[in-house]
Colleague: 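Before anything else, here's the structure in question.
Below, read A as the first sequence line, B as the second, and so on, with proteins coming before strands; counting in each chain starts at 1.
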Amino acid sequence: MSEPKRLHPAGMIFSIFQAIRHSVFGFLPLVIIAVGNDAWFYVILGASILIGLIILFSVLSWLRYNYQLEEDQIRIEQGILIRKKRTISKHRIQSIDLSQNIIHRIFGLTKVQIETAGSDHRIDAALSAVTMADGKMLHDQLKYKKQVTETDVNGEEQDLKEEVHEQDHPQKKITPKALFVAGSTSGSFGIILGLAGLAFSELETFIPDRFYNQATEWVFSQAVQVLIALAVIVLILLWVLGILSTIIQYWNFTITRYDKELFITRGLLEKKQSTIPLKRIQAVGIKETIIRQPLGLASVYVEIASGEIGQNQEMHTLIFPIMRKKHIASFLKDILPEYRYQPEGLVKLPTKAIPYYIIRSVIIPLIATVVVAVQFTEFTWIPGIVMLLSCIYGYFQYKTTGYLIQDQQLLVQSRTISKDTALVPHKRLQSLQKKQHILHRKQGLATLDTAILNKFVGRHFIVRELNVEDVDQIADWYSYRKKPLS
Amino acid sequence: MREQPNERIATDAIKAWKLTAQLIAIIPLLITIGAFVAAYFFDFLSYWIGIVLAVLTVLEWIISILIIPKLRWRRWRYQIYDQEIYIQHGILIVTRTVVPMIRVQHVDTQQGPILKKYGLSTLQISTAATTHEIPALIEDEAADLRDQISELARVEQDDV
């Protein structure tokens, strides 16, 4: 069908960067020790040898890497010493995604990620740099020609086709304003704070002692007001950074529903596409963090079976970063009509469950309080406050928890810190358990534990201390025994 | 999930569990002996440590060998329907589990040296997300069940 092709030479740059990034962490301790001993010469020598080797290997592996598009498969050859040939059949390809970071965009390139259905990720392939035209061609060849029933539009008519898609298929795009709100309520400044702290502790070794001492002296010599002002400025700065990172990540977030998949594009600097086959979606979740919940905002995500385990991604995939809670029902109706969100009539926990929730959240702070009260009596108030907070936390957990059965869908609402509502279809529940201990049996309570498959081993939905009749009812609904198999 | 399942596991399970518990009980016994020996050689260690440990060892022995296996056996029940597997177990926390046949991915039987001595084996049922066990069934019965479940599970296997 076509000649074997190499990647774009820019691919070398990526592999060089990647290799350097990987090796930096491994060698950092060595470098720090060497710098501590004033062995600059050896550091520079070692680094240049290493970089030389990396460049050599990158060039060689670029030379040895090629891909070839054939009738209904793609063939990839790679490896410097050990030659590997891999053929991926078109019918096995689940999704092909194009993504571009800044360097890609400067050269007009794209990265092509090919994902297969299996849970084995070594089978998946990624072409790190091909020209945009080639990328689009690959995408269309491998993907759309699969459905022979579709009119055979390819190549030149591509743009037209995309337009048709946009008209036919429900689509939702995030507005910059919503994105700004998402960023400002993301609470990610906590994470950034941690990262900044970590970076500082790493950098500390490089800052000359004299300067460091002077700086600390200066800080401590300031009045309390100045310190508070400084802290506020730092916090605001981190908050703005949080907003920026959200905007960069989710800029122009667009989700489109096709017949058998969801298609997401997003990103400001790095443009990312991802395809979620509907078959792989195990559950839909709605997450309201404590900052967003009072504002009536929530984010929507899906739980996907297997997926990219190796790619250091989050547990679940966002299908919309932020939206008003009242719009979720209509959003799902458009994009994922298989799921519906109508939390009215949620079955709550009985009042006799309150003590269990409060005791569970209070027990550890209680022990801490007792220990502190015995050892340092004057500081008892610190764990005391923690205890009070966990009391409130336990109560809110109790308040939030509930479930609802609607036809073939189970809705489970729970709270760790954020409020999380999961919509799970009957056929995605892998098993169901009812647990009771002695007190439960006396009080007519039971704990429900049901599991779905997700990226790792599975996610359990546990609803503690429901009325035993409610659990029995869920079990009846779940049981395949009485009704005919659907 | 209102009534408990019908089938019980093999009565020899109690013997097998008792034997396992006996073997495990050797560890606290060794620790106790060690404490006495240490107290004999070092003056700063009191014999009381050894005595407390000895009492604990005997208690552990009584509970784990004379009480737990019987209770555990009494609670363990299972039932195989055409459409699902129903399991009950647990002494303090009673757990009842339903595993639909169409969610079953594979079934294993396994047998360690202790179970082998009593001609028993464990049936392990895996779904995509969870694993469930029926311990200590009579060997042939376990093999039959395994075949039966995999036969039933084969019907109507849709995605995941």
Side-chain angles (χ1 to χ4, degrees), chain A residues 94 117 119 260 277-283 303-306 424-441 445-461 464 468-486, chain B residues 1-7 67-68 71-72 74-108 123-134 148-149 151-160:
Chain A
Q94 283 262 343
S119 50
K260 286 184 183 145
L278 289 189
K279 269 205 292 189
R280 280 204 185 177
I281 298 179
Q282 304 291 310
E303 295 277 9
I304 304 174
S306 66
V424 197
H426 183 274
K427 63 171 186 172
R428 296 300 191 199
L429 293 170
Q430 302 287 337
S431 69
L432 188 112
Q433 292 192 320
K434 163 185 164 185
K435 293 183 182 171
Q436 282 184 300
H437 58 62
I438 297 167
L439 283 176
H440 281 159
R441 264 169 286 167
L445 296 170
T447 291
L448 174 83
D449 179 344
T450 180
I452 59 161
L453 179 66
N454 74 355
K455 280 194 176 171
F456 300 91
V457 275
R459 172 172 170 195
H460 284 258
F461 296 104
R464 292 201 161 91
V468 76
E469 299 88 52
D470 287 335
V471 176
D472 284 335
Q473 220 166 13
I474 299 172
D476 287 344
W477 167 80
Y478 184 62
S479 176
Y480 284 77
R481 231 184 307 155
K482 284 168 202 117
K483 46 193 177 185
L485 290 166
S486 53
Chain B
M1 243 188 222
R2 287 158 225 263
E3 310 84 36
Q4 52 181 3
N6 289 334
E7 311 279 328
I67 302 175
I68 289 182
L71 286 179
R72 205 168 150 204
R74 211 176 292 164
R75 187 77 77 200
W76 247 109
R77 279 156 180 273
Y78 70 93
Q79 193 162 3
I80 315 282
Y81 296 97
D82 281 358
Q83 302 89 347
E84 64 196 20
I85 302 159
Y86 184 22
I87 302 171
Q88 170 188 283
H89 69 95
I91 297 169
L92 288 178
I93 300 170
V94 181
T95 308
R96 290 183 181 172
T97 310
V98 176
V99 186
M101 281 298 173
I102 51 169
R103 297 277 88 85
V104 173
Q105 299 238 321
H106 59 264
V107 218
D108 304 319
L123 190 72
Q124 216 169 44
I125 302 145
S126 310
T127 69
T130 54
T131 23
H132 309 275
E133 258 188 10
I134 306 179
Q148 188 194 340
I149 291 172
E151 188 67 38
L152 288 169
R154 204 173 298 156
V155 203
E156 226 182 297
Q157 191 72 263
D158 57 357
D159 50 278
V160 187

Colleague: Can you tell me if CZ on A:Arg441 sees more than 12 non-hydrogen neighbours from other groups inside 6.0 Å?
Modeller: yes
Colleague: What part of B:Ile91 gets closer than 4.5 Å to chain A, counting heavy atoms only: side chain, backbone, both or neither?
Modeller: backbone
Colleague: Side chain, backbone, both or neither: which part of A:His440 has a heavy atom under 4.5 Å from chain B?
Modeller: neither
Colleague: Rounded to the nearest 0.5 Å, what separates atom CG in A:Asp449 from atom OG1 in B:Thr130?
Modeller: 9.0 Å
Colleague: For the residue pair B:Arg103 and A:Leu429, what are the closest heavy atoms and their distance?
Modeller: CD-O, 3.4 Å
Colleague: What residues of residues 431-438 of chain A sit under 4.5 Å from chain B when you count only heavy atoms?
Modeller: A:Ser431, A:Leu432, A:Gln433, A:Lys434, A:Lys435, A:Gln436, A:His437, A:Ile438
Colleague: Please check if atom CD1 in B:Ile93 has more than 12 non-hydrogen atoms from other residues, nucleotides or ligands closer than 6.0 Å.
Modeller: no
Colleague: Is any side-chain heavy atom of B:Pro100 less than 4.5 Å from a side-chain heavy atom of A:Tyr478?
Modeller: yes
